[in-house]
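Reading through the structure tokens given below for one structure.
By convention here, the first residue in the shown sequence is residue 1.
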Amino acid sequence: MSLAQVHHISAAPGDAEAAGRFTAVGPGVSAALLAELEPLVRYALPDGAPHRPADAELRSLPQAFTYAVLSDGSRVVGRTAPARGDGTAPVRFHTHAVHLPPGVPLPGGRLPVEAWRSPHWVSATPVGGGALSDPLGLLPPGPAPVREGLDDFAVSRGPWLAAVLADLRRASEEEAPAGGPVVLVEKQNADVARWLGLAAVTLPRESVERLTFTTYTRRPGSSPLRVVGAPPEDAAAAREAGLRVHVCAERPPVDGTADAWARTAARVWRSRASELFEEARGLPGDPFAAGPLAVIALCAGVALGPEERAAAAGWAAERPYALDAKRTGQLVEALTSPGIDDRTGSEFDAVGRLFGALDGRCPASVTAPLAAMLVTEAVRGGNGSLELPRRDAFVGPEGEAIAGVLAPEILAELESGAGGGRPVARTVQLLRVARLLGVNGREVLPEVVERLARTILTEADGTDEPPAFTPALLELLDEQFDVRTALLGALDRIAPDDPGAVARFLERVALPFTGTQALPHLRMCAEAPGAMTTLGRDRSAVWHRVLRAAGLSPFAEPQVLRTAVGLVWEDRAPTVEEARLLLEAATSDAHRAAGTWARLVDAALGATADTEDGTALAHDLLRAFPQEIGGRERAALQLLELCRDLRSGAPEPGWTEQVRTLRDRATPLEPAIQERAFTALVERLLAPDRPGAELYAFVRSDDADLIATYDRAARAEPTRTRLRTHPAYAADCFTHWTAHPHAGTAWTTTAAALLDEVLRPAVRGMTAEAVAEVEETVGRTGSSGRANAFRDWNRSRALGRLGRRIAGRVRRG
């Protein structure tokens, strides 16, 4: 089939009036297609080009080799080159193009870029209907000349390779990426053609055929093509236009590309192994995935980076059937090479998956290096996410060799005193590798497991999700019975000291403790969350249920008391009622051994002032734990006990001073206890049968807080009612409130106020007979002078005179 050819002469440089024209057009090329083609072949001279170039200067001007797809699906391959013009136009630009109808391939199945060096492009329109040259059909057979020297070119452009190949791959996608063409800036436009030659070898054929291009243009921003070449002077303008620009004539780029396929392709080119691209396309998978190409490159001895090696291992793990025995061995040898020192965690994870895929499918001699590499990394690299090999992966000399190297390192780290700060995942990994290699760690196991148990709780606390180490830990416990037994026992011993942390851990991680071990504390911790959900705020019921889960009586094992109390009340104190229940549920010896007596003391000290059982609880605690309770707490409980005695009416003499003494010993005293004690004391002092000695001690104490409590109680309604209805009581209060004029300021001020503001209104409301009875009682129990004082006070209807008299006596005293 003969392809239509087109010839075009562009306008002369600087001639604004002249226009380009098509000088020859083959059959089938419509005027509409010519209108599309004309902008693609326009030519602008580079900066600094001479107006009348010599022959050598003319030959050195850039040529534009173009491949474009037109609107009807047809394609055009052409070359635009400077040519000698006539006298008025010393330089003309001649385009020789070949039109390919839709669906018609290039002759011989060649790619467009392969016609770049065709010797049959002409620089003048054939005259007289002579035979037309065929730049596409007359290409030399065999590898196209465009491939010559590509290896050297790729090596020379090593720093730019990955980034340019990544952009060329994106430019070749089925849907052209937005943002304009990729701009390749080279001093020689022939080097742009070489970049396109690299793309033709590297990319799949269908991608290459979508990659429209021109090797030279002065207007990259307006080009409809996917890749354009531009001179260095246009690089800045292209960047400002937002285009992807690669200036390959300046200093190499510092940042790399994130495209692992492009990085792998760049390493293949720098290794001068371009034949590997065709081999890689024979493997299954995405053509632009890094895995297939990385596998072929590694098998051929090409050195790759860690991400590319990980891609190779990951691809092979997903398709272990895709490689023959020879390539599988080559891949394993490349991945496990001792000369590699930049392996990453993701690479080891991929190698672990590869080992899992090959294990049992390949001979042990093939997989043994992978297994050795994995366990070595687990020990030396601290990679806790590795999927370890099976135990029988090291049967034979390979296992003995690696065990002999790693066993001392494993034991040394397990025995290290720094193990307390070792992460759980690390300890679990070491224990698993030790079993895998048959390392005898029986002697160090108890101490290691004890530290591991505490670290587990520390790392797991503070999060609502299962800890990251959970899968590995459960695998360890499933693999090693001795470790499971020791770890569960260690957690059971820890639980009484921190049951809340253990319960929260067991709620997120289902440890296997359903065997024959007793583990009472772990069973209680596992029961607590469900009990709280079911029973809600009934903490006494929760406590009973949790205690039953232990399967042991607190009389036989007092520590279950400690665990149960810690689970139900954690850092809170029980209420007084709950504390009395706890005290009755077990003996004082059990509470003493468990240390829970301190929680009962906290309950008594934390009770509110209106809790009646608080004083009884204090009384019981003082007798149950006489040696354990001391210091401030003992004085506070004794103060509560004294409140009980004051209310019952049978305190030991000297209780006024005793209240003040215990108050001082219990400092800092809970406000509720002080309020309770002071209230009990002043109520006793306001009682009709109060002892005079206690009243005297109270007045002389000049204790401002105590006197203030007395003042509040005297003003309360029970006292006011008694004053109005009992003349003898009113007489007693008058005698008491006027009997100590030389007491301190706090008392004299309070007494004067009570006479005027409390007693006077009560006396005013009495009948004359009742007032006379008050007066007679005052005289009988005191003296005639005090009776006269009462008459004066009552007659004056005011406290001013008596108050001044009392104050004067205080001053004279």
Whether the side chain of [X] engages the backbone of [Y] through a donor-acceptor N/O pair (distance < 3.5 Å, no angle test) should be reported.
| X | Y | answer |
| --- | --- | --- |
| D324 | R327 | yes |
| R267 | V302 | no |
| S337 | A334 | no |
| S222 | R219 | yes |
| E233 | D47 | yes |
| R75 | V104 | yes |
| T215 | F65 | yes |
| R226 | E173 | yes |
| E377 | L374 | no |
| S223 | P220 | no |

Any non-hydrogen side-chain atom of [X] less than 4.5 Å from a side-chain atom of [Y]?
| X | Y | value |
| --- | --- | --- |
| L136 | S118 | no |
| R42 | S10 | no |
| E174 | E206 | no |
| D191 | C248 | no |
| L358 | V332 | yes |
| V247 | P232 | no |
| L165 | L203 | no |
| H246 | D167 | yes |

Kindly give the heavy-atom pair with the smallest separation between [X] and [Y], and that separation in Å.
| X | Y | answer |
| --- | --- | --- |
| A154 | L161 | O-CD1, 3.4 Å |
| L331 | C299 | N-SG, 3.9 Å |
| A235 | V185 | CB-CG2, 4.0 Å |
| A290 | A311 | CB-CB, 3.9 Å |
| P82 | F93 | CA-CD2, 3.8 Å |
| P389 | L436 | O-CD1, 3.3 Å |

Which residues share a salt bridge (charged side-chain N to carboxylate O under 4.0 Å, His left out) with [X], sequence neighbours left out:
| X | result |
| --- | --- |
| D152 | R272 |
| R281 | E278 |
| R205 | E209 |

Open item on the list: Please verify the inter-ring angle class for W195 with F153; under 30° counts as parallel, over 60° as perpendicular, anything in between as tilted.
Closed with: perpendicular
- [ ] From the options R92, Q63, R79, select the one residue that forms a side-chain hydrogen bond (donor to acceptor under 3.5 Å, both in side chains) with S123.
- [x] R79
- [ ] Report yes or no: do T257 and D259 form a side-chain donor-acceptor pair below 3.5 Å?
- [x] no
Which residues pass the side chain to side chain donor-acceptor pair (under 3.5 Å) test with [X], not counting sequence neighbours?
| X | value |
| --- | --- |
| T80 | T95 |
| D341 | none |
| S156 | none |
| T66 | T214 |

Gap separating the [atom1] atom of [X] from the [atom2] atom of [Y], nearest 0.5 angstrom:
| X | Y | atom1 | atom2 | result |
| --- | --- | --- | --- | --- |
| L276 | T264 | CG | OG1 | 11.5 Å |
| S2 | D134 | OG | CG | 7.5 Å |
| L40 | T217 | CG | OG1 | 9.5 Å |
| Q5 | L3 | CD | CG | 8.0 Å |
| H99 | L70 | NE2 | CG | 5.5 Å |
| R244 | R239 | CZ | CZ | 11.0 Å |

Task: Chi angles and distances behind the side chain to side chain contact (heavy atoms under 4.5 Å, CB included) call for D55, R84 - done: CA-CA 8 Å; D55 290 344; R84 182 68 65 189; 2.7 Å; yes
Task: CA sep, side-chain torsions, deciding dist, call: V245, L184, side chain to side chain contact (heavy atoms under 4.5 Å, CB included) - done: CA-CA 6 Å; V245 181; L184 303 177; over 6 Å; no
List for me each residue that meets ring pair (Phe, Tyr, Trp, His ring centres under 6.0 Å) alongside [X], sequence neighbours excluded, and say none if there are none.
| X | result |
| --- | --- |
| W315 | none |
| H96 | H7, W121 |
| Y216 | Y43 |
| F22 | H8 |

Open item on the list: I'd like to know if E307 pairs up with R263 as an ion pair, taking the criterion as any Lys NZ or Arg NE/NH1/NH2 lying under 4.0 Å from an Asp or Glu carboxylate oxygen.
Closed with: yes
Open item on the list: Regarding E186 and R157, does a basic nitrogen lie under 4.0 Å from an acidic carboxylate oxygen?
Closed with: yes
Open item on the list: Can you pull out every ring pair (Phe, Tyr, Trp, His ring centres under 6.0 Å) where at least one residue sits in residues 273-313? Sequence neighbours excluded, please.
Closed with: W261-F288, W269-F277
Open item on the list: Using side chain to side chain contact (heavy atoms under 4.5 Å, CB included), reason through V227 and T212 one step at a time and then give a plain yes or no.
Closed with: CA-CA 6 Å; V227 183; T212 58; over 6 Å; no
Task: Atom CD of E36 with >12 non-hydrogen neighbours under 6.0 angstrom - done: yes
- [ ] Report the C-alpha distance between Y67 and L211 in whole Å, list the side-chain angles of each, state the deciding distance to 0.1 Å, and finish with yes or no for side chain to side chain contact (heavy atoms under 4.5 Å, CB included).
- [x] CA-CA 8 Å; Y67 166 62; L211 205 62; over 6 Å; no
